[in-house]
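Read through the structure below, which is laid out as structure tokens, and then see the notes.
Since the model is a prediction, treat every value here as computed from it, not as a measurement.
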Amino acid sequence: MRIKHIVAVVAASALAAGALWAQARGGGSEWLTAQGDAQRTSWIRTDAAISVDSMTKPGFELQWKVKLANQPRHLNGLAQGVTANGVTLFVPMSLVTGSSNNVYAIDNDTGYTVWQRHFDTPLPVATAACPGGITAAATRLVPVAPPAPPDGRGGGGGGGRGEGYRGSVGEPGQGVPVEQRGGGAGRAAGAAPPAAPAAPPASGARAAGAPPVAGAGAPPARGGAANAGIPGAPGGGGPGGGFGRPAGVGYVIASDGVLHVLGLQLGKDLQKPAPFLPANASWSDPIAASDTLYVGTNQRCGGAPNGVWAIDLAAENKPVVSWKTNGGSVVGSVVLATNGTLLAAIGPGSVTAGGYANAIVALDPKTLQLKDWFTDPSAEFVSAPVVFTQGDKDIVAAATRDGRVLLLDAGSLGGVNHSTPLYASRSLAADAATFAPGALATWQDMPGTRWLLVPTNGAITALKVSDDGGRLSLQPGWVSRDLVSPVTPIIVNGVVFAMSSGRAAATAGATAADVARRSSPAVLYALNGVDGKELWTSGKTITSFLPGRSFWSATGQVYVGTLDGTLYAFGFAMERK
């Protein structure tokens, strides 16, 4: 017994030392959801390790790489990770989903797999349009309104440290407690969800049997009190937490459309899994804010109509609402304006009565009732919206197939005729047919200049937002070096990380392993955010290509997940190195 006690003490001491080392990395920056925040800016405002100055010096290099046992489905492999600090003994961790119904919890400092989950549910035959499996990232809870920029100016975006939260103790027999939000009373969680509905809810309608929502139509709370909580999270921030303290939850959707609330410590379901989407749907990266989680569906995969879906995370029976486009697919991920309004881009498609295509729509965050829209038959949207604040307005930016970037007022998307943008740029691509940015990114430098980053087919184009007495326009900034199929860039403390994702080999008759082996590999570049000058490159370190969006940053590192299942972490060496 004494020997066991000594071993336990030594192990605890080693873990405690590891905890202190982990705290040193990156200054605590987190990546709470795909593209970082509720406005999908892909911007981490401050970081203790990464800066333009530090990237001009030696030391930024591969810290670790790990091969995850995930089988790609067509060209769908690893998704973008989401991160958490202080999961166990302060160890920072990334939650990464894999296409074949896998979830991995990866130690950010070492690449060690803390835990992994596999959802054992049948998978359909994979196609390019409908790969099946998990088609999107996990998410954590994000604040609706962004933090103030580093110089104290107003502005959209964000991506710094997540909001703090405290734990609470549930009543006996009541399951995992749902912590308080905005100072309001917490609600018990853990009750069984209702059976999956025979058919998806009607557009704008709450699922059968669901109770009415008090205050429907009101925006979610912006942050709230110091003990504002996370639906489904166990206790963890109060006195007596100590070693092993939990640090919230991650929300993951499996291929059968069921939502799982996973504890970050062990990856176990903290609530009974809840039916959410039709099985084998194709859904976008989810976002969870206040007490609701949202996704968009596309390509009518699994018979799921194209639309936007929301599930109540706090209610015991997890009611679901949906809004159908009755037209095109939802392009990319849904976005939140700073007042909680939900925004989505709709691509081309055959429209039935009351349907939408080539549009940006604004939906009520609780009921998903349509509030406003912009539509233009010539504006075939190829990017999800990104939102930033200019003056007293939320501005929506999105890109179209013909190479233009449109700016819209989130409070009046298309004016009185629903078709007038605030500004439409000229075409940014010489060959408009190849202009396919996927998603935009935005950031604001210390002098207050707002930048919009647009990945075209062969480069990153940086534009400056000009505000002449309320008249907005986009002015040329810089154009990056040539990049092969660049994905959405990431901005960390003034450094733009641009990913040349590589080129896929022919897929006809080839296995995913063959495609990964014969494709040109990805290359990561660090650029000065104000002039585009190259600061650093990964060279030939990455050996496979990046077909999706498995590219994120947190805790002073940048992570890349390639088709062959390899996850790379680049950063400066810290104490644990």
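Side-chain contact, S100 with R73: no donor N or O sits under 3.5 Å from an acceptor N or O. A donor and an acceptor atom, one from each side chain of S419 and D376, are nowhere located under 3.5 Å apart. No donor-acceptor contact under 3.5 angstrom links the side chains of R549 and Q80, judged on distance only. N102 and N70 share a donor-acceptor pair across their side chains, judged by distance under 3.5 Å alone.
P143 approaches A38 most closely through the heavy-atom pair O-CB, 3.6 Å. When all heavy atoms of G414 and F374 are compared, the closest pair comes out as CA-CD1, 3.7 Å. Among all heavy-atom pairs drawn from D409 and G411, the shortest one is OD1-N, 2.9 Å. The minimum heavy-atom distance between V382 and P437, with the atom names listed, is CG2-CD, 3.4 Å. Shown here for I346 and V331, the closest heavy-atom pair between the two residues is C-CG2, 4.0 Å. Heavy atoms only, all atoms of each residue included: S550 and A79 are closest at OG-O, 2.9 Å.
Y294 places a side-chain N or O within 3.5 Å of a backbone atom of P365 that can act as its donor or acceptor partner. Side chain of D312 to main chain of P319: no donor-acceptor pair is present (N/O by atom type, distance under 3.5 Å, no hydrogens or angles). Using modelled atom types, one side-chain atom of T297 and one backbone atom of G307 make a donor-acceptor pair closer than 3.5 Å. Using modelled atom types, one side-chain atom of N76 and one backbone atom of I134 make a donor-acceptor pair closer than 3.5 Å. The closest donor-acceptor contact from the side chain of N101 to the backbone of D120 lies at 3.5 Å or more, if one exists at all. Judged by distance alone, the side chain of S290 and the main-chain N or O of T292 form no donor-acceptor pair under 3.5 Å. Judged purely by atom type and a 3.5 angstrom limit, E30 has no side-chain atom pairing as donor or acceptor with the backbone of A554. T456 places a side-chain N or O within 3.5 Å of a backbone atom of A459 that can act as its donor or acceptor partner. R140 contributes no side-chain N or O that, together with a main-chain N or O of V82, makes up a donor-acceptor pair within less than 3.5 Å. A distance-only check finds a donor-acceptor pair linking the side chain of S284 to the backbone of G296 [under 3.5 Å].
Using a 4.5 Å heavy-atom threshold, the side chains of D291 and K366 count as touching. V330 places a side-chain heavy atom less than 4.5 Å from the side chain of V308. Looking at heavy atoms from C-beta onward, L474 lies in side-chain contact with Y423 at the 4.5 angstrom threshold. Residues V295 and I253 have side chains in contact (heavy-atom distance under 4.5 Å, counting atoms from C-beta outward). Considering only heavy atoms from C-beta on, L78 comes within 4.5 Å of L68 through its side chain. Between L343 and V334 there is no side-chain heavy-atom pair separated by less than 4.5 Å. With a 4.5 Å cut-off on side-chain heavy atoms, L75 and F545 count as touching. For the pair I395 and L472, the minimum side-chain heavy-atom distance is below 4.5 Å.
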Practice item. Start with the C-alpha distance between F551 and L524, add both sets of side-chain angles, then the distance that settles side-chain contact (heavy atoms from CB on, under 4.5 Å), and finish with yes or no. Key: CA-CA 10 Å; F551 177 41; L524 176 62; 3.7 Å; yes

Practice item. Could you give me the CA-CA distance, side-chain angles and deciding distance for W323 and T325, then say whether side-chain contact (heavy atoms from CB on, under 4.5 Å) is met? Key: CA-CA 7 Å; W323 175 83; T325 71; 3.6 Å; yes

Practice item. Given side-chain contact (heavy atoms from CB on, under 4.5 Å), test T488 with Q35 step by step and report yes or no. Key: CA-CA 8 Å; T488 307; Q35 294 177 252; 4.1 Å; yes

Check your understanding: Should D364 and K371 be marked as a salt bridge (charged side-chain N to carboxylate O under 4.0 Å, His left out) after you check the CA-CA gap, both sets of side-chain angles, and the distance that decides it?
Key -> CA-CA 6 Å; D364 181 273; K371 296 173 61 177; 5.2 Å; no

Exercise for review: Mind running side-chain contact (heavy atoms from CB on, under 4.5 Å) on V261 and Y251 for me, showing each step along the way?
Suggested key: CA-CA 5 Å; V261 181; Y251 303 102; 3.9 Å; yes

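Ring geometry for H418 versus W373: interplanar angle under 30°, hence parallel rather than tilted (30 to 60°). The aromatic rings of W451 and W443 lie parallel to each other, their planes meeting at an angle below 30°, with 60° marking the opposite boundary.
The CG atom of L370 sits 11.5 Å away from the CG atom of L342 when rounded to the nearest 0.5 Å. In this structure, the separation between CD1 on I287 and CG on L293 is 9.0 Å, given to the nearest 0.5 Å. Expressed to the nearest 0.5 Å, how far CD of Q39 lies from OG1 of T442 amounts to 10.5 Å. Remark: L270 CG to L262 CG distance equals 7.5 Å, nearest 0.5 Å. Taken from CG in L413 to OG1 in T341, the straight-line distance is 9.0 Å, to the nearest 0.5 Å. For the atom pair CG (N280) and SG (C130), the distance works out to 9.0 Å, reported to the nearest 0.5 Å.
Among the candidates T139, D285, T33, the single residue satisfying the side chain to side chain contact (heavy atoms under 4.5 Å, CB included) test with S333 is D285.
A salt bridge is defined here as a Lys NZ or Arg NE, NH1 or NH2 lying under 4.0 Å from an Asp or Glu carboxylate O, and R404 with D402 meets this definition.
Evaluation of the side chain to side chain donor-acceptor pair (under 3.5 Å) rule for W552 yields S94 as partners, not counting sequence neighbours.
Atom CG of N417 is surrounded by more than 12 heavy atoms from other residues, nucleotides or ligands within 6.0 Å.
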